[in-house]
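In what follows, chains are A, B, ... by sequence order, proteins preceding strands, each numbered from 1. Hydrogens, waters and symmetry mates play no part in the numbers below; they use all other heavy atoms, side chains included. Worth saying up front: this structure is predicted, and the values here are computed from it rather than measured.
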2 protein chains.
Amino acid sequence: MPRNKELNEKIKDERREQILLASLELFASKGLSATKITHIAQKSGISQGLLYHYYSSKEEIFTDLVKTAFERLNMACKYLYNLDVPPQKKIRYGMESILENLAVSDSSANYHLLIAHASLSEDIPVEAKAIIQKENQVPYDIIEKILREGQKEGTIKKHDAKDMAVLYWTTVKGLAMHKAVHPRKFVPPDINILMSMFLIDQ
Amino acid sequence: MPRNKELNEKIKDERREQILLASLELFASKGLSATKITHIAQKSGISQGLLYHYYSSKEEIFTDLVKTAFERLNMACKYLYNLDVPPQKKIRYGMESILENLAVSDSSANYHLLIAHASLSEDIPVEAKAIIQKENQVPYDIIEKILREGQKEGTIKKHDAKDMAVLYWTTVKGLAMHKAVHPRKFVPPDINILMSMFLIDQ
DNA sequence: GTCTATATCCAGATAGAC
DNA sequence: GTCTATCTGGATATAGAC
C-alpha cells in the first residue's frame, strides 16, 4: 500500500522536525550534557520511548543539528560571496543580516548558540567534532577571500586578511553569546562601529 | 594543640587549591554538566570521597570559581581604570593584556572560558546565575566610562559608548571561544584592527 | 584526613502491550 | 506508530574503616 507508506513517511518527517526543533532550543540554551532526553521528549510532545524510533541517541540528534547548522551557515556564506555587489558591501551586508537574525530570536540565533556550545565544549560526539573540524573553516575562508578582493579594489583596510576574517567571526560568536545572557533586551550594536575594523573610511 | 590545627588548616587550603585548579580546567573545557565529580577527584589526585570533605557538591565548586572569575576580572578592570595614562591607552592596554593572557594559555584563559560556559548555559546553579547577573555589568560600565572620557578628549570615536563597550567585551568573549576551538595554534590577531573600532586615527 | 565500599538516585535505553 | 513499564548503568553522595 503505497498510500500508507507515503503517509507514514510524512508523519515520520514531521516528527523528526518536531524533535529537531525542540532539541535545538534545548541544546542552544543548555548545551549537550545538561539537556536530558526526557526534556526533549516532553518539549516535542511525544513519549520518551517514541523518541528512540526516530533517533537512537541524544548524541545523534546533536550531531544532526550541528551538521545542519554548518550547512546553513556555509550556504549563506556562499550565497553572500556570489552576490553581485562590491566586496565592501558584502562584508557589511553579511554582518547586517547576521545581527538581524540574532535580534529577532528565531532559530537562526539558536543555530549560532548551538555552534557556540559545540565549539566551546570538549565533551561532544566525535562525529560532531569532525564536522566542526571540517566545516568551521569555510566561513573564515570566504570572508577572507572577500576581504582580499576589497583590498585589491582599495575599499578594505590593508590589515592582515586572515586576522580580519577571524575578528569578523569572533565578533559574531561573541554577540551571539551576549544575546544568550541578555535574551530579552538584546539590541544589536551600531554596525558602523564593526565596519570600521574592515572598511576604509569614505 | 594549635600546631596541628595550623597544619590542618594549611593542608585544607592546599587541597582546596588543588581541587579548584583541577575543576577550573575541566569546567573550562567541558562546562558544568559534562564534568563529572569523578574526573575532578582524579585530576585533583584525591579520592572521590575526600572531595566531599571540602565541597559539598559540584555546583558549589562551580559557583566558587565563577565568583573568583568575576572578582579577578572586575579587579583588573578597576586597576585599568585607575592607571595614570590617557583613556585611549587604557583601552589599548586592557585589550592587549587580555589577548596576551589568552595566548599564553594559563588559568586566565580558563577563567574566560569558564565565564563563557557559565554565560552560555541556562543550566547553572542559581547562585552562579546571581553572581553573573550582578557582576557581569561591571566590566561593561568601566570600559564605557573610559570610552566616554576619551570621547571628551577627542581620542575616542563618537559612536555610542554603550555599543562600543559591548563590542569591546563581546570581541574578547569571541576570541576566548576561538581559542577553545584552536587550542594550540591560537595567535592573537593584530590589535590595531580591534582598536580601529574605538580609536580615532592619528 | 583519607581511603574503599556502598547506597541512592536519575538518566539513557529497551521491551512489550495497544 | 505510540505509549507505559522496566532494565541497566553511571554519577552523586554517604558510611565506615584506617
Side-chain angles (χ1 to χ4, degrees), chain A residues 1-23 26-27 29-65 121-128, chain B residues 1-23 26-27 29-65 121-128:
Chain A
M1 282 155 183
R3 195 70 148 292
N4 278 336
K5 212 174 176 185
E6 210 173 283
L7 185 65
N8 283 349
E9 279 303 310
K10 210 187 151 205
I11 290 177
K12 202 161 182 173
D13 279 358
E14 275 173 19
R15 282 272 179 272
R16 282 196 160 237
E17 278 310 308
Q18 286 175 349
I19 294 168
L20 287 174
L21 187 67
S23 308
L26 289 168
F27 288 143
S29 84
K30 299 167 191 287
L32 172 62
S33 177
T35 299
K36 307 304 175 192
I37 211 106
T38 319
H39 304 146
I40 297 179
Q42 255 177 298
K43 195 154 193 156
S44 309
I46 61 177
S47 74
Q48 197 168 331
L50 185 54
L51 229 167
Y52 287 91
H53 276 81
Y54 296 99
Y55 286 96
S56 62
S57 72
K58 199 172 68 166
E59 281 71 23
E60 203 192 336
I61 306 178
F62 186 81
T63 305
D64 203 350
L65 282 169
S121 176
E122 292 284 301
D123 193 71
I124 58 168
V126 282
E127 295 84 13
Chain B
M1 281 156 181
R3 196 68 147 294
N4 278 338
K5 212 176 175 184
E6 211 173 283
L7 185 64
N8 283 349
E9 278 304 310
K10 209 186 154 205
I11 290 177
K12 201 161 181 172
D13 279 358
E14 275 173 19
R15 282 271 178 273
R16 281 196 159 237
E17 278 310 310
Q18 287 175 349
I19 294 169
L20 286 174
L21 186 67
S23 307
L26 289 168
F27 287 143
S29 84
K30 299 166 188 288
L32 171 62
S33 178
T35 299
K36 307 305 174 192
I37 211 106
T38 319
H39 303 148
I40 298 179
Q42 253 176 298
K43 195 153 195 159
S44 308
I46 60 177
S47 75
Q48 199 168 329
L50 186 54
L51 229 166
Y52 288 90
H53 276 81
Y54 295 98
Y55 287 96
S56 62
S57 72
K58 197 172 68 165
E59 281 70 23
E60 203 191 337
I61 306 178
F62 186 81
T63 305
D64 203 349
L65 282 169
S121 176
E122 293 282 303
D123 194 72
I124 58 168
V126 282
E127 295 84 12

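- Computed from coordinates, the Lys12(A) NZ to dT2(D) P distance equals 10 Å when rounded to whole Å.
- Protein atom CZ of Phe62(B) is 18 Å distant from nucleotide atom C1' of dA11(D), rounded to whole Å.
- The nearest whole Å value for the distance from the CG atom in Leu51(A) to the C1' atom in dG1(D) is 13 Å.
- Ile61(A) is listed as a side-chain neighbour of Phe27(A), based on a closest heavy-atom distance under 4.5 Å.
- With sequence neighbours excluded, the residues that form a side chain to side chain donor-acceptor pair (under 3.5 Å) with Ser56(B) are Glu60(B).
- Look at OH on Tyr55(A): it is 14 Å from P on dG1(D), rounded to the nearest Å.
- For DNA chain C, if you chain together Watson-Crick or G-U pairs that step i with j, i+1 with j-1 and so on, the runs of at least three with distances under 3.5 Å are C:1-11 with D:8-18, C:13-18 with D:1-6.
- A search for side chain to side chain contact (heavy atoms under 4.5 Å, CB included) contacts involving Ser121(A) returns Asp123(A), Ile124(A), His117(B), not counting sequence neighbours.
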Under 3.5 Å donor-acceptor pairs involving side-chain atoms of residues 15-22 of chain B, not counting sequence neighbours:
residue  : atom : partner  : partner atom : Å
Arg15(B) : NH1  : Gln18(B) : OE1          : 2.9
Arg16(B) : NH1  : Tyr55(B) : OH           : 3.3
Arg16(B) : NH2  : Tyr54(B) : O            : 2.9

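- Every residue was checked against the side chain to side chain donor-acceptor pair (under 3.5 Å) condition with Gln42(A), not counting sequence neighbours, and none meets it.
- For Ser33(A), the side chain to side chain donor-acceptor pair (under 3.5 Å) partners at least two apart in sequence or on another chain are Ser33(B).
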Original post:
Can you give one letter per nucleotide of nucleotides 3-18 of chain C, going 5' to 3': B for a protein heavy atom under 4.0 Å from the base, S for sugar-phosphate only, - for none?
Top reply: BB------SBBB----
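- Considering only residues two or more places apart in sequence or on other chains, Lys12(A) meets the salt bridge (charged side-chain N to carboxylate O under 4.0 Å, His left out) condition with none of them.
- Every residue two or more places apart in sequence or in another chain was checked for a side chain to side chain contact (heavy atoms under 4.5 Å, CB included) with Asp13(A), and none qualifies.
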